[in-house]
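As the structure lists them, so they are numbered: ligands from 1, and atoms in each ligand from 1.
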Amino acid sequence: MQESHAWSGRFSEPVSELVKKYTASIDFDKRLAEFDIEGSLAHATMLHKAGVLSDDDVAAIRRGMAEILDDIRAGRLEWSVDLEDVHMNVERRLTDKIGDAGKRLHTGRSRNDQVATDIRLWLRAQIDAIVGFIAELQTSLLELAEKHADTVMPGFTHLQVAQPVTFGHHMLAYVEMLARDAERMTDCRKRVNRLPLGAAALAGTTFPIDRQYTAQLLGFDDVCHNSLDAVSDRDFAIEFTAAASLVMVHLSRLSEELILWMSPRVGFIDIADRFCTGSSIMPQKKNPDVPELVRGKSGRVVGHLIALVTLMKAQPLAYNKDNQEDKEPLFDTVDTLIDTLRIYADMMRGVTVKPEAMRAAVLQGFATATDLADYLVKKGLPFRDSHEVVALSVRYAEGRGVDLADLSLDELKQFSQLIEQDIYQVLTPEGSLAQRDHVGGTAPNQVRAQIARHKARLAS
Ligand code: ARG
């Protein structure tokens with residue numbers, strides 16, 4: 001049987017099947033049901049306190065909503081596309097159960113302020129979960145960093161060997177990115193956590209509502225102070241998706257590195273088999289599917305950001321049906337991000353580092369050339385001149401097919417008489433690392449200090 005719309009009285013013919021399907025959101029917004037009920041219960045409690053709903057009405061609403069919640073959790077509730085969206089589905093089920101009291105619930109509100117409230121309640125919960133998953137990934141990266149606080153690897157610029165760093169230091173770079181990501185999420189939460197309810201359709205309501213009380217019941221920090229703005233803007237969702245995009249962009253960078261490092265041509269790491277797949281035709285292959293998919297899915301989330309910004313652009317005040325399109329991009333952003341963070345925390349525990357391969361790459365790349373330059377500067381040579389000395393030494397070593405540290409003191413002295421025996425403490429990768437001993441530097445004790453700082457931060 002067709003169920004009639006709450007608004008059908010004004011119309012002389014039913015909407016076409018195609019339009020019904022086109023305009024309905026129940027297929028996706030049913031996901032908001034529990035938050036819709038939470039918002040409705042707070043609204044009913046407030047109306048009761050304001051003398052708008054009787055004791056009996058509010059008791060019936062609470063009882064009916066509790067049953068609906070059970071039905072939803074047990075998968076018994078049948079969602080109807082005739083009833084368009086989650087709000088009208090829940091309201092109709094309530095009225096079926098408790099009669100007129102159910103119809104009185106919608107006093108002093110509109111689906112416009114209702115849906116804005118639901119999304120904010122839902123998103124707030126997701127942000128809290130995401131901040132937790134970011135922390136778990138950081139913990140997993142910190143474990144790896146700790147294990148490899150001394151492991152030498154080439155640091156790259158332009159993907160050319162530049163200077164030695166430790167693998168722990170490299171992992172900590174991502175811990176820093178993720179710390180800012182969590183900060184952005186927490187900051188965005190402040191603006192998500194404001195109550196639109198009470199704005200009604202767009203102009204507020206003639207009923208004696210108490211918005212601060214509803215806000216307090218729902219754990220919102222404040223109310224939205226303009227009714228037109230409250231029902232129409234989705235900037236909080238855009239801001240969240242921008243923050244989510246940055247997490248994905250950061251993880252796409254790490255993914256790219258993992259893929260590169262796992263290539264047999266580089267061979268710096270291995271990723272546990274459970275995160276890789278084979279080829280149906282080439283038996284020798286082990287493909288880093290998970291990082292590749294993360295790299296690919298980062299595009300998907302950035303796409304959702306563009307969708308939401310474009311959805312909002314040039315929308316006149318106040319509510320427009322366009323805004324129904326905010327949900328799918330937002331839901332998919334959250335799902336993609338949470339799945340990615342969880343799989344990543346697990347995958348990083350399955351990374352095996354190959355220190356010999358990393359060290360060999362450092363030795364092949366003249367990674368300590370800058371250290372030789374700095375050594376000469378400390379002995380009084382102007383930096384530009386020392387740069388020249390080093391360039392000539394590198395060219396000579398390259399001709400001989402050896403690293404700078406393999407040249408004899410006599411060979412090195414051809415380029416500058418300032419070079420003494422102590423140069424060999426500087427030219428080894430370990431010597432180079434140890435000298436970068438300041439906050440943010442790659443010296444192993446600095447790396448350990450940063451690990452300790454992050455651990456203390458995450459534990460608090
Ligand atoms: N399903 C709608 C949405 O997601 C709810 C609000 C509908 N309001 C309206 N005036 N048609 O935005």
Distance-only polar pair, side chains of [X] and [Y], donor-acceptor under 3.5 Å:
| X | Y | result |
| --- | --- | --- |
| R457 | H454 | yes |
| N323 | Q315 | yes |
| R111 | Q114 | no |

| Any donor-acceptor pair under 3.5 Å linking the side chain of H43 with the backbone of H106? |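 No; zero donor-acceptor contacts below 3.5 Å.
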
Nearest protein heavy atom with distance in Å, relative to [atom]:
| atom | answer |
| --- | --- |
| atom 5 (C) of ligand 1 | D85 OD2, 3.5 Å |
| atom 3 (C) of ligand 1 | Y319 OH, 3.3 Å |
| atom 4 (O) of ligand 1 | K327 NZ, 2.5 Å |
| atom 11 (N) of ligand 1 | R111 NH2, 3.6 Å |
| atom 10 (N) of ligand 1 | N112 OD1, 3.1 Å |

Ligand 1 to S25, heavy atom cutoff 4.0 Å, flagged ligand atoms 1 (N)

Hey, does the Lys NZ or Arg CZ of R124 hover above the aromatic six-ring of F35, less than 6.0 Å from the centre and inside 45° of the axis?
no

Would you indicate whether I343, at its atom CD1, is surrounded by more than 12 heavy atoms from other residues, nucleotides or ligands within a distance under 6.0 Å?
no

Min over Q114, Q324, M88 of heavy-atom distance to atom 1 (N) of ligand 1 lands on Q324

